[in-house]
Amino acid sequence: MNNIRSQAIPESALSSALHSAPPRRRVMHIARDAEAMQRAGVIIVMPAKVSSPWTPATPARRKPGPGVTKQGASRVPQGMVARLAAGSLALAVAATVLGGDLLLVPACAGAATYYVSAGGSDEADGITPGTAWKTIGRVNTGTYGPGDAILLEGGSTFAGPLLLSPDNNQATAAQPLQITSYGAGRATIASAAGDSGVVAAGVAAFALANVVLAGADAAGGGSGIMVLNETALSLAGIRVTGVEIYHHTYALYAATADPPSEIRDIVLSEVNAHDNAAGPSFFGHYLLPAAVSGDHYGIANVRVERSELWNNTGAGLMGGFGAGLVLMNARDAVIEYNHIHDNGGNNPELEPNGPCAITVYDGHNFLVQHNEVDHQRYALQNQTDNGGIDFWGTSSTIQHNFVHDNEGWGFTLGAGDPETGGAGANWPSHDNVVRFNVLLRNGQLLPDRPAEMVPHCFAAVLMFGAPKRFEIYNNTIFAPFVADVPIPEAVQGLFYLVDVPGLGDTWSDIHLRNNVLVVDGDVAFVEVPRPAGGTGLRIEGNAYLGGETRPVVWGETVYADVSAWASATGQETLDQALVATVAGVDALCQAGGAEAADHRLAAASPVVDAGLDLGTRFGLDVGQWDFFGNPVPSASGLFDPGAHEQRQGETCASPPTVGPGSGAVLASLLCCGSVIVVASGKGRALAVPATSRPRFYRRSGQRR
């Protein structure tokens with residue numbers, strides 16, 4: 001069989017092809033192209049039973065035990081791997097269309113396959129199921145070339161760790177070493193306390209799929225996957241797909257040495273990381289002056305998609321454990337379609353600096369979109385931070401996320417001057433866009449918390465330090481007021497911007513436009529304690545819903561209404577006219593409801609068509625879609641403030657629409673390095689060059 005070949009497809013054509021379809025119909029359509037795909041070097045395997053695909057809208061509050069898989073997790077049909085390998089084909093189990101609809105198996109010429117079975121023998125040759133090896137220890141003594149495959153018997157448990165080094169892994173990023181399960185179910189690599197499941201030291205070029213990495217103690221110090229680069233090389237090619245990781249200190253830990261050391265080209269897809277001290281965590285050389293000034297990034301080209309990262313509590317460890325996902329000193333990253341929830345809560349720290357669900361420090365060129373981030377919890381000893389998205393980066397976009405019910409701030413957008421440092425803030429943050437997100441009920445204690453915990457009512461969006469050139473528009477932000485707050489000074493405005501004296505730099509050019517700000521009670525819409533602490537702050541075209549006695553705090557002055565504040569400061573004024581909209585909470589379908597959809601604009605809302613044309617006035621490209629998949633602008637040609645652009649005839653009773661590409665599935669685990677395979681509801685299986693970066697939109701605003 002020929003090696004798999006890239007098929008160049010324009011990104012515009014790909015975008016138009018990605019539409020939703022029922023999974024069984026999608027498989028039927030793709031099957032029609034089987035002959036053409038096989039000519040391209042792709043073997044198509046049709047499972048006997050097609051299950052419904054997992055989507056990010058699946059409810060998730062359960063705690064699966066060892067070996068429990070998500071509904072619809074893909075499995076290799078029993079015996080299929082052996083039959084494929086028997087005909088002298090070099091097997092590379094790789095790209096799996098998510099949800100188990102389809103298995104695509106590119107064949108790598110000249111590669112070898114090795115089997116590991118609980119009933120095997122380490123004295124055997126390992127090249128057939130009947131002559132399988134018995135232990136991971138035997139695997140560690142082998143030597144593997146480009147595209148080789150290590151197949152672990154499904155349903156069996158093997159003692160780890162699996163060790164990869166330049167001595168035994170001679171695969172390449174284009175043809176990585178494949179590690180996956182065969183037969184029924186998934187294999188488990190079990191680690192003793194303090195040990196890791198898979199360790200790659202000084203080497204990358206591996207693809208791990210369809211296995212379980214079970215630790216023994218979340219506080220024990222091991223990682224589900226540990227990747228270390230202590231060399232000056234750039235290590236490339238890590239694919240982790242359909243893997244469950246639990247009871248480790250880090251679900252995944254990746255770290256580099258000093259520049260120019262680098263780990264790049266990393267994909268995490270359909271990962272279920274839970275009950276660890278911390279979720280996947282990537283650390284470049286983020287403390288070095290060369291790193292914080294943007295001269296070099298230790299982590300590069302990362303995609304984290306369609307994964308569930310939850311109940312990573314901190315395990316009582318000091319040092320900021322309890323985050324769902326961490327990237328420090330990283331560039332060119334996409335974080336999308338993930339559910340990150342119920343992390344933190346057991347993360348004590350001597351300094352007042354707790355973890356957040358998504359933490360990005362010193363990041364560059366990030367796209368963070370279509371994630372649901374919720375229920376990040378305080379520790380009793382560490383009641384600070386523990387919010388939704390903590391982002392300190394440059395040239396990035398945060399859009400279409402549903403961030404709700406986190407005990408800390410919804411968004412923390414901080415920055416320090418890398419030249420002067422100071423105040424503990426050492427990472428730059430500038431030239432970023434934050435748009436079409438829905439933030440609900442952040443900054444408050446969750447129900448049934450210990451009586452000795454102090455209830456806070458923090459900002460939904462906190463900006464501090466020296467952030468520069470931020471465009472924050474078309475977000476919907478809601479915060480109810482918690483009565484009887486014992487520390488009134490802890491209460492901050494819904495949008496809170498503050499400089500840090502002594503930092504050596506200040507914020508500048510922060511633009512807050514076309515947002516819907518909703519408060520239910522005595523909470524300020526906007527609070528800027530020191531307006532002279534920075535320059536270029538413009539607040540224009542926003543809608544202010546609700547509010548009672550403290551709508552705006554501006555320095556030492558508390559303005560009783562938006563118009564008085566606008567008249568005194570020039571904010572919310574363009575062409576000598578007030579451009580803000582002030583209304584009650586009934587302008588929304590159901591302010592304070594549990595769903596993002598409850599915060600759409602009501603049919604007769606005064607907010608409809610009240611937004612500014614940000615493109616015409618300020619030269620912004622606002623994109624084509626709102627949070628719910630409606631086109632922007634609507635048929636009227638006018639713009640609505642907030643994350644919802646009301647379409648013609650839409651009512652609160654009508655469901656949100658779906659944007660283009662919803663239902664499309666990306667199989668991001670590559671084999672032989674040639675293509676990414678996309679299953680399209682249009683009835684075509686598209687082989688897309690791996691360098692392409694198509695963007696997808698999903699049905700948003702529904703409970704998972």
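Just the heavy atoms: all of them, side chains too, but no hydrogens, waters or symmetry mates, feed the values below. Nothing fancy with the numbering, it's 1 onward along the sequence.
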What is the distance from atom NE2 of His364 to atom CG of Asp332, rounded to the nearest 0.5 Å? 6.5 Å

For residues Gln399 and Leu367, determine if any side-chain heavy atom of one lies less than 4.5 Å from a side-chain heavy atom of the other. yes

Backbone N or O of Pro176 within a donor-acceptor pair of the Gln178 side chain at under 3.5 Å? yes

Working to the nearest 0.5 angstrom, can you tell me the gap between Ile179 CD1 and Leu164 CG? 5.0 Å

Just wondering, do Thr256 and Ile299 contact through their side chains at under 4.5 Å, heavy atoms? yes

For Ala236 and Ala204, which heavy atoms make the closest approach, and how far apart are they? O-CB, 3.5 Å

Residue pair His248 / Ser191, side-chain heavy-atom distance below 4.5 Å: yes

Using the ring centroid of each side chain, check whether Phe283 and Tyr253 are separated by less than 6.0 Å. yes

My understanding is that only one of Phe495, Tyr496, Trp392 makes a ring-ring contact (aromatic ring centres under 6.0 Å, His included) with Phe464; could you say which? Trp392

Close side-chain approach of Pro355 and Asn347, heavy atoms under 4.5 Å: yes

Just checking, any donor-acceptor pair under 3.5 angstrom between side chains of Asp342 and Asn311? no

Does one side chain, of Ser269 or Glu305, offer a donor that lies under 3.5 Å from an acceptor on the other? yes

Asn338 side-chain N/O to Ser307 backbone N/O, donor-acceptor pair under 3.5 Å: yes

Does Asn401 use its side chain to pair, donor to acceptor, with the backbone of Val368 at less than 3.5 Å? yes

Nearest atoms (heavy-atom pairs only) where Ala257 meets Thr231: CB-O, 4.2 Å

Any donor-acceptor pair under 3.5 Å linking the side-chain atoms of Thr394 with those of His430? no

Looking only at side-chain N and O atoms, does Asn229 offer a donor or acceptor that is under 3.5 Å from a partner on Ser261? yes

For the side chain of Ser281 and the backbone of Gly279, is there at least one donor-acceptor N/O pair under 3.5 Å apart? yes

Taking atom OG of Ser196 and atom CD1 of Ile225, what is their separation to the nearest 0.5 Å? 10.0 Å

Donor-acceptor pair between Tyr246 and Asn272 side chains, under 3.5 angstrom: no

State the CZ-CG distance between Phe206 and Asn169, to the nearest 0.5 angstrom. 8.5 Å

Among Glu244, His247, Glu308, the one residue meeting side-chain hydrogen bond (donor to acceptor under 3.5 Å, both in side chains) with His274: Glu244

Let me see the working for Tyr114 and Val139 under side chain to side chain contact (heavy atoms under 4.5 Å, CB included), right down to the final yes or no. CA-CA 9 Å; Tyr114 300 94; Val139 174; over 6 Å; no

Spell out, as yes or no, whether a donor-acceptor pair under 3.5 Å connects the side chain of Asn140 to the backbone of Pro161. yes

Say you draw a straight line from CH2 of Trp310 to CG of Asp374; how long is it, rounded to the nearest 0.5 Å? 12.5 Å

So, do Ser429 and Phe470 sit near enough that their side-chain heavy atoms are less than 4.5 Å apart? yes

Which of parallel (below 30°), tilted (30 to 60°) and perpendicular (above 60°) describes His285 and His296? parallel

Candidate list Leu462, Ile398, Val373, test side-chain contact (heavy atoms from CB on, under 4.5 Å), partner Phe411, passing option: Ile398

Should the heavy atoms of other residues, nucleotides or ligands under 6.0 Å from CD of Glu230 be counted, would the total exceed 12? no

Picking from Thr249, Thr313, Asn346, what satisfies side-chain contact (heavy atoms from CB on, under 4.5 Å) with Phe321? Thr249

Can you list everything that forms a side-chain hydrogen bond (donor to acceptor under 3.5 Å, both in side chains) with Ser395? Sequence neighbours excluded, please. none

Taking every non-hydrogen atom, the tightest pair across Ala379 and Pro348: CB-N, 4.1 Å

Chi angles and distances behind the side chain to side chain contact (heavy atoms under 4.5 Å, CB included) call for Ile472, Met463: CA-CA 11 Å; Ile472 304 172; Met463 299 190 74; 3.5 Å; yes

Non-hydrogen side-chain atoms of Phe366 and Asn432 separated by less than 4.5 Å: no

Quick one: are Arg331 and Glu262 in side-chain contact, heavy atoms under 4.5 Å? yes

Looking only at atom types and distance, does a side-chain atom of Asp217 sit under 3.5 Å from a main-chain N or O of Ala219, one as donor and one as acceptor? yes

Between Asn442 (side chain only) and Gly387 (backbone N and O only), is there a donor and an acceptor less than 3.5 Å apart? no

Indicate the atoms forming the closest heavy-atom contact of Val433 with Arg435, along with that distance. CG1-CD, 3.7 Å

Are the side chain of Asn343 and the backbone N or O of Leu309 linked by a donor-acceptor pair below 3.5 Å? yes

Derivation and outcome, side chain to side chain contact (heavy atoms under 4.5 Å, CB included), residues Leu162 and Leu208: CA-CA 11 Å; Leu162 194 158; Leu208 182 69; over 6 Å; no

Stepwise, does the side chain to side chain contact (heavy atoms under 4.5 Å, CB included) test hold for Leu152 with Ile136? CA-CA 9 Å; Leu152 307 175; Ile136 295 290; 4.0 Å; yes

Shortest non-hydrogen separation from Ala201 to Pro166 and the atoms involved: O-CD, 3.3 Å

Whether Asn406 side chain and Gln376 backbone form a donor-acceptor pair below 3.5 Å: yes

Side chain Asn329, main chain Asp362, donor-acceptor under 3.5 Å: no

A side-chain contact here means heavy atoms from C-beta on lying under 4.5 Å apart; do Phe436 and Tyr473 qualify? yes

Nearest 0.5 Å please: distance from the CG atom of Asn365 over to the OG1 atom of Thr397. 8.5 Å

Assert yes or no for the condition that the ring centre distance of His370 to His400 is strictly below 6.0 Å. yes

Between Lys468 and the options Asp431, Asp509, Asp505, the salt bridge (Lys or Arg N to Asp or Glu O under 4.0 Å) test singles out Asp505

Can you name the closest pair of heavy atoms from Pro280 and Ala251 and give their distance? N-CB, 3.9 Å

Who passes side-chain hydrogen bond (donor to acceptor under 3.5 Å, both in side chains) against Asn276, sequence neighbours left out? Asn312

